[in-house]
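Structure first, then comments.
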Amino acid sequence: MEHLTIQGVHRSAEDIDLLVRAGECVLLTGLNNAGAKEVCELFDGRGIAEKGKLFLYGKQITEIQRRIMKRQRVFYLAGRPPLFKDITLAEYLFLLRKHPIWKLKANKRIMHQQANTLFQHYKLDFQAEQKNTSLNRVEQQLFWLVWAADQNAGLIVLQEPETGLTAPEIHQLTELIFQMKEEGISFLIGTGHPSSFFSVADHVVFMQGGKIQKKLLEPLDFHLCADLMESQLENSLHQTVENKRGKVGDICIQYKNLREGTSHKFDLDLRYGEVMTLTSPDSMWQEILWEDLTFKKKSEVLLLLNGTPISCNSVTDLMKYRIVTWASGEASDRLFDNLNYGENLLLPSLKRISRSGFYQKNASYVLQDEDFFGIPLAEDDPAPKSRYEQLELMTKRWEFFHPRAILMWNIFSNADAEETELLKRFVQNISKRGTAVLLLEVELSECLDISHEIILLREEGNMRIMASEELVEARK
């Protein structure tokens with residue numbers, strides 16, 4: 001590819017310079033919408049090459065269609081291969097070969113012999129008379145690769161082949177790819193998990209925003225993949241938060257006529273992805289703010305969500321807008337002994353999990369998500385009794401619920417060292433995902449390294465925002 005611009009179905013890839021030699025494997029990777037998918041789909045005849053040039057085996061390709069790609073010995077696979085039902089593996093291999101006229105005269109015994117010879121060559125435990133419906137997901141991909149090799153493939157393009165596969169299954173896949181590379185077959189693999197294919201990769205190409213960001217041409221440099229991916233993720237999260245901050249209003253809490261007859265008025269603008277800590281030498285002002293936010297006493301409070309006033313009279317009303325309140329000591333009050341671990345964790349999220357009311361099946365599926373929870377959770381375990389385990393369950397509950405804003409009162413001030421580290425990880429995780437966090441704390445020291453903004457309330461409600469250089473110095 002030379003300076004190729006591809007207009008895909010939903011987005012485009014621009015100025016793509018890419019070279020795949022015979023017997024090489026090149027990985028295209030990046031975060032979602034990076035442009036790797038559009039490059040891979042071009043070899044399936046999807047997308048339009050608007051600018052630049054595409055060469056296959058040294059010849060320029062001016063017309064990009066699926067039938068032309070197959071004629072040029074280019075094969076594309078995304079997900080499960082399209083296998084015919086109720087035919088044997090030998091029949092599948094035989095029926096899709098070229099020159100269909102003489103195929104009808106072939107001997108069935110020879111057809112099975114050739115299929116078994118092919119399977120033995122690639123060290124696959126398949127039988128010619130085996131039905132293709134008996135193959136699992138990875139076996140279907142392995143069989144499809146053998147079929148493509150039998151069709152004299154020159155370039156095989158795989159789009160996210162690791163999807164749905166376990167680590168041992170990915171190892172099976174890479175072993176076959178390695179053997180085919182030695183036979184001169186080239187591979188172009190679009191993947192979000194490049195480390196799964198380092199063992200067979202010759203080069204790794206990182207893409208971002210539809211453009212090539214960096215090329216790692218030597219296997220010794222592949223360890224940089226994790227840093228590049230993390231950098232892309234941070235930039236993506238930062239951009240998401242900045243986009244949300246561009247909305248008028250975001251979350252704004254405006255107070256009028258505070259207690260004790262004071263007419264002082266101050267506003268608080270809490271933005272998406274921001275951690276704001278409000279403190280004062282006297283905890284009275286935090287208590288006033290908390291009682292107003294939780295509607296424990298009547299007060300003139302105007303609450304705006306994304307610039308629009310909302311009417312709330314209780315904490316339950318706030319939950320409807322995905323605004324969560326969490327006070328110190330409430331963990332034990334908000335967990336129910338008659339519910340198991342999974343039910344307590346998912347309680348606020350049940351309606352979002354299944355609006356039709358079939359909670360149990362969907363809940364069991366959700367709790368097995370290792371990417372989110374780290375390890376599959378034992379949903380049938382009883383509700384935890386220790387304070388740390390209760391706090392851990394509450395953090396998982398709200399992290400899964402993903403609130404727009406969470407308002408926390410003296411959670412850090414009443415936590416020990418181990419609980420503080422747990423709470424810090426929780427606040428950092430949800431703020432990176434765009435949740436606005438308001439901390440009302442008497443003890444400020446534990447909030448310095450996670451706060452974006454600190455507000456000091458003085459006597460009679462005078463408010464001062466700590467300058468950035470002061471915040472840096474305080475952290476020291």
Please report the interatomic distance [atom1]([X]) to [atom2]([Y]), rounded to the nearest 0.5 Å.
X: Glu218; Y: Leu224; atom1: CD; atom2: CG; answer: 12.0 Å
X: Leu4; Y: Ile6; atom1: CG; atom2: CD1; answer: 4.5 Å
X: Lys211; Y: Thr5; atom1: NZ; atom2: OG1; answer: 9.0 Å
X: Ile156; Y: Ile189; atom1: CD1; atom2: CD1; answer: 9.5 Å
X: Leu54; Y: Lys59; atom1: CG; atom2: NZ; answer: 14.0 Å
X: Leu18; Y: Met207; atom1: CG; atom2: CE; answer: 8.5 Å

*Leu391 vs Phe426, side chain to side chain contact (heavy atoms under 4.5 Å, CB included): CA-CA, chis, key distance, verdict*: CA-CA 10 Å; Leu391 278 176; Phe426 164 69; over 6 Å; no

*Can you list the steps and then say if Val39 with Met1 is a side chain to side chain contact (heavy atoms under 4.5 Å, CB included)?*
CA-CA 10 Å; Val39 175; Met1 297 181 181; 3.7 Å; yes

Is there a donor-acceptor contact under 3.5 Å from the side chain of [X] to the main chain of [Y]?
X: Glu183; Y: Met180; result: no
X: Gln390; Y: Arg387; result: no
X: Glu169; Y: Thr166; result: yes
X: Thr191; Y: His193; result: yes
X: Arg66; Y: Gly45; result: no
X: Arg404; Y: Tyr321; result: yes
X: Gln151; Y: Val146; result: no
X: Arg322; Y: His402; result: yes
X: Ser451; Y: Ile454; result: no
X: Thr29; Y: Phe206; result: no

*In terms of side-chain geometry, is the basic nitrogen of Lys181 or Asp202 positioned less than 4.0 Å from the acidic oxygen of its partner?*
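Judged by the 4.0 Å cut-off on N to carboxylate O distance, Lys181 and Asp202 do form a salt bridge.
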
*Does a side-chain N-to-carboxylate-O contact under 4.0 Å join Glu399 and Lys396?*
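Result for this pair is no, no salt bridge flagged.
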
Which atom names give the shortest non-hydrogen contact between [X] and [Y], and what distance separates them?
X: Asp17; Y: Glu2; value: OD1-CA, 3.2 Å
X: Leu165; Y: Ile170; value: CB-CG1, 3.8 Å
X: Asp449; Y: Gln428; value: O-NE2, 4.5 Å
X: Pro161; Y: Phe197; value: CG-CZ, 3.6 Å
X: Ser12; Y: Gln7; value: CB-OE1, 3.6 Å
X: Trp398; Y: Pro348; value: CZ3-CG, 3.8 Å

Taking the side chain as everything from C-beta on, heavy atoms only, tell me whether [X] gets closer than 4.5 Å to [Y].
X: Asp317; Y: Lys320; answer: yes
X: Phe126; Y: Leu135; answer: yes
X: Leu439; Y: Ile450; answer: yes
X: Met69; Y: Leu56; answer: yes
X: Lys123; Y: Gln179; answer: yes
X: Asp15; Y: Ile212; answer: no
X: Val427; Y: Lys424; answer: no
X: Thr88; Y: Gln127; answer: no

*asked:* side chain to side chain contact (heavy atoms under 4.5 Å, CB included) for Ile61 and Phe55? Distances and angles first, verdict last.
replied: CA-CA 6 Å; Ile61 304 298; Phe55 296 89; over 6 Å; no

_Working note: Tyr92 + Phe143, criterion ring-ring contact (aromatic ring centres under 6.0 Å, His included); need CA distance, chi angles, decisive distance, verdict._
CA-CA 10 Å; Tyr92 188 93; Phe143 174 70; 5.5 Å; yes

*Is the Tyr76-Phe43 ring centre distance short of 6.0 angstrom?*
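Tyr76 vs Phe43: aromatic centres not under 6.0 Å.
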
*Could you walk me through whether Leu145 and Leu158 pass side chain to side chain contact (heavy atoms under 4.5 Å, CB included), step by step?*
CA-CA 10 Å; Leu145 288 175; Leu158 303 178; 4.2 Å; yes

*Dump the intermediate steps for side-chain hydrogen bond (donor to acceptor under 3.5 Å, both in side chains) on Glu389 and Ser386, then the final yes or no.*
CA-CA 5 Å; Glu389 291 177 340; Ser386 72; 3.2 Å; yes

Inspect the surroundings of [atom1] in [X] and state if more than 12 heavy atoms from other residues, nucleotides or ligands are less than 6.0 Å away.
X: Arg67; atom1: CZ; result: yes
X: Ile48; atom1: CD1; result: no
X: His121; atom1: NE2; result: yes

*Among Val205, Val204, Val26, Leu19, whose side-chain contact (heavy atoms from CB on, under 4.5 Å) with Lys215 holds?*
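Option passing the side-chain contact (heavy atoms from CB on, under 4.5 Å) with Lys215: Val205.
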
